[in-house]
Amino acid sequence: MLLGPDGRPTTAGTGTLPPPEDLLRGYASIVAARRYNEQASALVRQGRLAVYPSSFGQEACQVAAAQVLADGDWLFPTYRDTAAVAARGVDPVEALVLLKGDWHSGYDPYERHVAPLATPLATQLPHAVGVAHAARLRGEPTVVLALCGDGATSEGDFHEALNFAAVFSSPVVFLVQNNRYAISVPLSRQTAAPSLAHKGVGYGVPGEQVDGNDLAALLTVLGGAVARARAGEGPQLVEAHTYRMQAHTNADDATRYRSDEEVAAWVGRDPLTRLEAYLRAEGVLDDERAAAVAAEAEELARHTREGINRDVEPDPEDLFRHVYSRPTPQLEEQRALVRDELARDEAASGANVTTDTRQEALR
Amino acid sequence: MLLGPDGRPTTAGTGTLPPPEDLLRGYASIVAARRYNEQASALVRQGRLAVYPSSFGQEACQVAAAQVLADGDWLFPTYRDTAAVAARGVDPVEALVLLKGDWHSGYDPYERHVAPLATPLATQLPHAVGVAHAARLRGEPTVVLALCGDGATSEGDFHEALNFAAVFSSPVVFLVQNNRYAISVPLSRQTAAPSLAHKGVGYGVPGEQVDGNDLAALLTVLGGAVARARAGEGPQLVEAHTYRMQAHTNADDATRYRSDEEVAAWVGRDPLTRLEAYLRAEGVLDDERAAAVAAEAEELARHTREGINRDVEPDPEDLFRHVYSRPTPQLEEQRALVRDELARDEAASGANVTTDTRQEALR
Amino acid sequence: MTSTITRPATQAPAAAATETLSTAQAINRALRDALAEDPSVLVLGEDVGALGGVFRVTDGLTAEFGADRCVDTPLAEAGIMGFAVGLAMNGMRPVVEMQFDAFAYPAFEQVVSHVAKMRNRTRGRVELPIVVRVPYAGGIGGVEHHSDSSESYYAHTPGLHVVAPSTPADAYALLREAIASPDPVIFLEPKKLYWSTGEVTPGDTRGPGIGSAVVRREGTDATLIAYGPSVPVALEAAEVAARDGRSLQVVDLRSLVPYDDAAVCAAVESTGRAVVVAEASGFAGFAAEVAARVGERCFHSLAAPVRRVTGLDIPYPPPKLEHLYLPSVDRVLDAVDDLQWEDA
Amino acid sequence: MTSTITRPATQAPAAAATETLSTAQAINRALRDALAEDPSVLVLGEDVGALGGVFRVTDGLTAEFGADRCVDTPLAEAGIMGFAVGLAMNGMRPVVEMQFDAFAYPAFEQVVSHVAKMRNRTRGRVELPIVVRVPYAGGIGGVEHHSDSSESYYAHTPGLHVVAPSTPADAYALLREAIASPDPVIFLEPKKLYWSTGEVTPGDTRGPGIGSAVVRREGTDATLIAYGPSVPVALEAAEVAARDGRSLQVVDLRSLVPYDDAAVCAAVESTGRAVVVAEASGFAGFAAEVAARVGERCFHSLAAPVRRVTGLDIPYPPPKLEHLYLPSVDRVLDAVDDLQWEDA
Ligand SMILES: Cc1ncc(C[n+]2csc(CCOP(=O)(O)OP(=O)(O)O)c2C)c(N)n1
Ligand SMILES: Cc1ncc(C[n+]2csc(CCOP(=O)(O)OP(=O)(O)O)c2C)c(N)n1
Ligand SMILES: [Mg+2]
Ligand SMILES: [Mg+2]
């Protein structure tokens, strides 16, 4: 911890405070990420997104993950990390395509070096190691930052990925956002270790803990881990202590498994208010600057809202186009079948009959 | 280490030497295990066993694993641990049924509380945790000892099993026989950790290293781990440093991946000669006793040899009998088909024609 | 029409009164009744405790039976499955919940190499009375990895029973039987039917058991063979066809393994035409087995080739396009139209 | 008879001289040639380095190309597969060796949820040119877990190509094509054929490609459809049948996905009778797809039901009993006898 919950610098941390301009940049990103979370949740309520796993409360981690990386580096996000994806420069609308229900991944992973959102837990971690290893084989200075949650550390793939990274000395930083729950299951059912950072020991991977609601500490610790990985010191494990302020997704009911008091206690450790207090106290942030930052965030929210509200009819042909580099004869047959059905439907609806003509007869 | 390579007690270890009668019992078991390994390898050369993964050189681990357990406890062995299975009291012939090719498991796992030999690596470890947890739910004092190799620690199931055991505080002792190779792959390609015992840290599981060629140290360390598990202190991890003196199996060619010098260096650390030297120096073992022990081992070898040389025709009906508690209609049909074929074959061979009547026509 | 399989005798208590329950409620009730009757029954999985599962199927069980009987585990499916193997080896009857089809894949090795094989490899000495409950298939607008149909993987693995109810009553009765069975059962719960309601008589497990198909609708012109989420589609198609004057019979397999050859053949022979309806991708899927068996066994009764109406051979699509993937009433009716009626 | 699929153009060097190689040697040669031609090709797996693999298929590759090109990995199949996904995302062409069929199961989630789906989920932006080599099926006296046939799991998973050569020449050519393909390919190597020899022309990849079935033996009375380890069984059955005056045609599928409907239908239509021969357990296995398709597409050419001769629906048996499990020449001939010749 470099900043206390009240935003005052503390001596508890070991690192040095990042320069004010980095914190200010981070502040703007956190404000944007917070606004993005709110906007996405609103879009769920309006039925525009199928589902949204919010990172509300975890924005410092989201922002730090993007901020410590160079352009050539790679980010491996989970379903909860759309704010990090957007902070890395991916169009925030494209980052939500999966959750809107249009397609499984919206953005081009190569454009900003951001892997598709991973849903099967921990499965993206060995991918991250492979990407890093390929870069190292070619002598490229790439670092890969791979995100996962506390729950995902229990999966076999977490183990195998950390071990591969250690054995191949791959430049991967594993950032565990320990938000204390895997849906409803508390950390105590996930591990009996003193911390998740301790998991590094069994792989020969340095592990560090950091206050995940303290952007200053995150930039220092994560930035250090990225630098060490880039310098050839092999993989690094960082556990960020944070909290998921909202339910797992809109479909979840968090009151079933945690108390209001527990949630309230974390309000006092909010990553945004803490950073803002510090920056204001330091005189780096004033009302004018804050207003400008808020306006930028509002602009992002507007862009997101408009983008998501714009209905792009997904192209049925896409169902068949990308299963293989070229469709099999079997897929060509099925594509023809669907084309034919759609043509018949269109003809029928041209004749002012509803789509599902036969079923209609029953209603 | 409690006994040096020369059999002299050392001060390097932390534990106390087990009582002489335990060591003598262990000595007899090691002699038997060694003889068993030799006999089984001979049976492979004679074409009586399909394959044999020998524990030659690892007999101290094999014996200790059996010796530290109470009758109600469970042992979970791998393909390499038939000597431990036999040391636990399973008929050594039945322990070899899998490797003879008669069936997948020879012995009744409930009789001596020994799980079937596990081939898919590390998969038996979560089973061990389940068995231990069930016992604990019923308030039974059972401890489960689960064996695996150094290579198997890289599998996801190793991770998940240790984590489950830790979270449920299950009385399981995980004994890793680190024989420095997974078939041809050396330990350096398996882990970058300071030791495999360090893997316990990430689960909150105490980890200990022990000289796996030193029976005295093994009995002390493993015995302590079993006692702690039984006392409710949760799972324990023990890494035993040992060496596979022979090839992975008879099908392997160890000269492709390790040097004669390396193997020779381990001859000097043989678990049997070391223990024998100590017991003789202490006056616990004399020639007469040694001869009696050798005779017992010879008797075991004879029993094994005769049992394996006895041809039991596997019953084809067994193919269908145990797939489900009662055969499906589909299996009944297939059983009838095979019965019919066998009857036809028999009729044909009664008529002095060879079994595969039609194919014969070609030869 | 019903099975040649005798079910293991379950000591069902006198049947209680009939209630209207959703499928999710019926499953919950089956779990509750099994937990109450047999102290060796355990429910385990991710979020099955306080939350009651993401579909609320285990709602209230931890509160009623305690955290040792309805157990939140660490988040590791292979670990859960392997842990269940050990529990079952040592006297328990674990009922495992996999959160979604696709999240059971990490446990695949445990299922194929151990759950399915343990009895056989030990010549019957070790039996594994494990039930693996899998919220199954699509049609609920789920994002990727939430709508897979995995029955074909399991049905192809000898040693597993595979069951897929299509009604709340079946969900209750088949689950009770699965829990009582000494054999491992993959119990596929059609997600889109979780909220469908029907009459259930808790405690009554006397109906046709695992291994028996049933005729859900009589008909004379062609037989629709379906299971799980496709049964309502087949029934609706039959309803629509009836308005067009075509009489379609609907067979609900209920149990994929054991498979009820007798019932299916009898049904197909009675109509001479068959369409298999299943939601999984068709290629090398379970519907192929049904079509192949019908072709083998009823060849001379068939007036037309056996048709399959299945999911497309593509990864399950995103919510906005899933309607194009799913076997629809229209596709079933098109397939029926194709059954070469001119030859009849 | 050959495929409707155009193969991706591989820049094959001028074909070298023809050599007599075993299947294992042919695969080794294909790997060596691919490593030599394309610096992005990597071989990885357990024991593929100094040992050369448990079947010696990768013999000498590490010595020739270095430990960075032929890589011994930690012992973790999901990790290997996931690592390969990352390598492929970042410009490499990994050729993964799984040590045995059953030891690929831990990687099942990576294969089904990522390898198979990556191209589709990213709308073609991320392609995964991964080849997964699997020593496949039985007949070698292996103890449990060493003789599984897993093709049905993979063939049912959209997004994977599934290939099974039956000759050294095909092993070479199909593997070269698989490595050159932008799509993931499950490459099944029949274990019992590793030591069979045949003529191979290294560098020559101009024959029928992935997606094409070939007729291995002409015949007029019935068509045997086989692949991988069952092709020699089918050929031997045809040879024996010929002595009995029956002319059997043998089709070698070579590629399960894509599947060559055109070739198979043409073959079956030419004889009017078909038997599918496959070593995997029959129930819900790949042979069911073949039988179902033939039934659907060649219905009116069929004089008898399509028969399947497959492995039994039991876990693969121990060495002493495996001959009873395997589709034998006798069983194939029995099935042919059953094709209702009296009706002909
Ligand atoms: C392999 C797998 N199993 C189960 C799930 C269902 N699931 C989705 S999110 C989640 C909880 C994950 O918790 P954690 O890793 O702590 O991340 P968080 O959601 O808290 O960010 C679960 C169980 C999944 N996506 N993948
Ligand atoms: C899941 C799985 N993958 C691969 C194998 C093939 N295999 C059998 S033994 C072995 C090496 C195991 O090494 P280790 O765990 O160190 O045990 P050891 O043989 O040295 O006793 C391998 C790779 C297997 N049995 N199971
Ligand atoms: Mg979490
Ligand atoms: Mg080893």
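Within every chain, numbering begins at 1; the chains are lettered A, B, ... in the order of the sequence lines, protein sequences first and strands thereafter.
For the set B:Ser105, B:Ala182, B:Pro120, the count of heavy-atom pairs under 4.5 angstrom toward chain D peaks at B:Pro120. Highest contact tally toward chain B, considering only D:Asp313, D:Val143, D:Leu324, is held by D:Asp313 [criterion: heavy-atom pairs under 4.5 Å]. Between chain D and the residues B:Leu99, B:Leu121, B:Leu117, B:Val185, the largest count of heavy-atom pairs under 4.5 Å involves B:Val185. Of the listed residues B:His104, B:Glu341, B:His322, B:Glu313, the one with more heavy-atom pairs under 4.5 angstrom with chain D than any other is B:His104. Among B:Trp103, B:Tyr257, B:Phe158, the residue with the largest count of heavy-atom pairs under 4.5 Å with chain D is B:Trp103.
If you measure heavy-atom distances from B:Asp318 to chain D, you find no contacts under 4.5 Å at all. For a residue to count as touching a neighbouring chain, one of its non-hydrogen atoms must lie under 4.5 Å from one of that chain's; by this rule B:Ala152 touches chain D with the backbone only. Proximity to chain D involves both the backbone and the side chain of B:Leu319, based on heavy atoms less than 4.5 angstrom apart. Both the backbone and the side chain of D:Glu77 come within less than 4.5 Å of a heavy atom of chain B. Contacts between B:Leu98 and chain D at a heavy-atom distance below 4.5 Å involve backbone atoms as well as side-chain atoms. Contact of B:Ala254 with chain D is not made at all, since no heavy-atom distance falls under 4.5 Å.
Considering all non-hydrogen atoms of both residues, D:Ala76 and B:Ser154 come closest at CB-O, 3.3 Å. The two residues D:Leu75 and B:Gln190 come nearest to each other via the heavy atoms N-OE1, 2.6 Å. The minimum heavy-atom distance between D:Pro318 and B:Asp102, with the atom names listed, is CG-O, 3.2 Å. Scanning all heavy atoms of the two residues, the minimum distance from D:Glu144 to B:Thr119 falls at O-CG2, 4.3 Å.
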Assess the residue pair D:Leu312 and B:Val338 against the criterion (side chain to side chain contact (heavy atoms under 4.5 Å, CB included)); give the C-alpha distance rounded to whole Å, side-chain angles, the decisive distance to 0.1 Å, and a yes or no. CA-CA 10 Å; D:Leu312 304 171; B:Val338 170; 4.2 Å; yes

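The shortest side-chain heavy-atom distance between B:Arg189 and D:Val71 falls under the 4.5 Å cut-off. When side chains are defined from C-beta on, D:Gln99 counts as touching B:Ile183, because their heavy atoms get closer than 4.5 Å.
Rounding to the nearest 0.5 Å places OG1 of B:Thr123 at 13.0 Å from OH of D:Tyr105.
Counting only residues at least two apart or in different chains, ring pair (Phe, Tyr, Trp, His ring centres under 6.0 Å) contacts with residues 304-328 of chain D comprise D:Tyr316-D:Tyr325.
Listed in order of number, the residues of residues 44-58 of chain D that approach chain B to under 4.5 Å between heavy atoms are D:Asp47, D:Ala50, D:Leu51, D:Val54, D:Arg56.
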